[in-house]
2 protein chains.
Amino acid sequence: MSKQELPIIDARMDTPGAACCAPLACEPLSESEAVELAPLFKAIADPVRLRLLSLIACHEDGETCVCDLTAAFDLTPPTISHHLKVLKQAGLIDSERRGTWVYYWIEPAVLARMSALIGPASPALAGTA
Amino acid sequence: MSKQELPIIDARMDTPGAACCAPLACEPLSESEAVELAPLFKAIADPVRLRLLSLIACHEDGETCVCDLTAAFDLTPPTISHHLKVLKQAGLIDSERRGTWVYYWIEPAVLARMSALIGPASPALAGTA
DNA sequence: TGCCTGCTTCGATGAGCTTCTAATCAACGG
DNA sequence: CCGTTGATTAGAAGCTCATCGAAGCAGGCA
């Protein structure tokens, strides 16, 4: 460990004003912005990781034990651990060990920014219909 | 063409009530839902495709010529064409040939649904204010 | 202390993805 | 009709990624 544990930081989200107000359709993404944003979507561009994220997000306690996550898939624990690591490195989730078990929870900020980026230019008409 | 041009249809978005109101955090994604949703995010999980989408979305005419897109990258036309094909197969863009040039435009519905999926759990308080 | 359970890391393998060059298809002009 | 320009398709090379088995680490219990 201690190699590349730092979460991905994207340029556009660093500038405070642009964080929530510069979706895809407002102005063209620069190459560096795209290079930093793409891995965030790549992190959720996998069925297993999408379900992992959903399972963690839906848990009413706000956090989920790895054992529960592993049980929901036909995959070996190393594979689940790998996917959780990818999500964690993207900054989408965080984890803590408490005694025997490790718990994961959602880090909603990055997900919300990704949603805003691809969302409609005027968020007013987002949830309607 | 005329081979596999059909866009990806995801289960959750077919059910009318769940389309806009079932983000990740509401209830766990089923495996089949995740399998159908993941390719949508994979389509935009590439810096080139993210910039292509942004360039097309930002064009004030609502559509963009391929020649303009190719000029914006240090990539060969076949590579741009490949990425456009991926976006088109995901249903994110559509295209039409008018004379010599081919024009692409955004298909905003799928993008909006993806945004809603990963967006905040209660879309009602998103833009209403 | 020693063992057992839960989770992660390591190393390898097979599939998929990005990119290129070469070739093909479509439209326009002389 | 033929040549030129714009765009896509076909095929291949190189790289990344998902998955597994084996091994390692951390915490609890007798």
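Each chain gets a letter, A, B and so on, in the order its sequence line appears, and its residues count up from 1. The figures that follow rest on heavy atoms only: side chains count, while hydrogens, waters and symmetry mates do not.
The closest donor-acceptor contact from the side chain of A:Asp61 to the backbone of A:Glu63 lies at 3.5 Å or more, if one exists at all. No donor-acceptor pair closer than 3.5 Å links the side chain of A:Ser95 to the backbone N or O of A:Tyr104. At distances below 3.5 Å, not a single donor-acceptor pair connects side-chain atoms of A:Ser115 with backbone N or O atoms of B:Ile118. A donor-acceptor pair is defined here as one N or O able to donate and one able to accept, closer than 3.5 Å; no such pair exists between the side chain of A:Arg51 and the backbone of B:Glu33. Not one N or O on the side chain of A:Arg49 forms a donor-acceptor pair closer than 3.5 Å with the backbone of A:Ile44.
Rounded to whole Å, atom P of C:dT8 lies 11 Å from atom CG of A:Leu52. Atom C1' of nucleotide D:dT8 and atom NZ of B:Lys88 are separated by 11 Å, given to the nearest angstrom. In this structure, B:Lys85 atom NZ and C:dT18 atom P are separated by 13 Å, rounded to whole Å. Atom C1' of nucleotide D:dC20 and atom CZ of A:Phe73 are separated by 17 Å, given to the nearest angstrom. Going from atom CG of A:Leu87 over to atom C1' of D:dA18 covers 14 Å, rounded to whole Å. Atom-to-atom, CD1 of B:Ile80 to P of C:dT18 comes out at 12 Å; the value is rounded to the nearest Å. The distance from atom CG of B:Asp46 to atom C1' of D:dC15 is 14 Å, rounded to the nearest whole Å. Spacing between atom CD1 of B:Ile44 and atom P of C:dT18 amounts to 13 Å, rounded to whole angstrom units.
In the set C:dA22, D:dG21, D:dC17, D:dG21 carries the atom at the smallest distance from any side-chain atom of A:Thr76. Of the listed nucleotides (C:dC17, D:dT19, C:dC20), C:dC20 has the atom at the smallest distance from the side chain of B:Leu75. Listed nucleotides: D:dT8, C:dT18, D:dA18. Nearest to the side chain of A:His82: D:dA18. Listed candidates were C:dT9, D:dC17, C:dC7. Nearest to the side chain of A:Val66 is C:dC7. Ranking C:dC7, D:dT8, D:dA18 by closeness to the A:His83 side chain, first place goes to D:dA18. For A:Trp101, whose side chain is taken as the heavy atoms from C-beta onward, the closest listed nucleotide among D:dT9, C:dT21, C:dC7 is C:dC7. In the set D:dT8, C:dT8, C:dT19, the nucleotide with an atom closest to the side chain of B:Tyr104 is D:dT8. Nearest to the side-chain atoms of B:Arg49 among the listed nucleotides C:dT8, C:dT18, D:dA18 stands C:dT18. Of the listed nucleotides (D:dG27, C:dA27, C:dA22), D:dG27 has the atom at the smallest distance from the side chain of A:Thr100.
When the side-chain nitrogen and oxygen atoms of B:Arg97 are compared with OP1 and OP2 of D:dG6, none of them lie within a distance under 4.0 Å. Contact check, A:Thr79 against D:dA18: no side-chain N or O comes under 4.0 Å of OP1 or OP2. Not one side-chain nitrogen or oxygen of B:Ser81 sits closer than 4.0 Å to the OP1 or OP2 atom of D:dA7.
Around CD of A:Glu107, the count of heavy atoms belonging to other residues, nucleotides or ligands within 6.0 Å exceeds 12.
Closest-nucleotide positions on DNA chain D for A:Asp74 and A:Arg98 were compared, and the one nearer the 5' end corresponds to A:Asp74.
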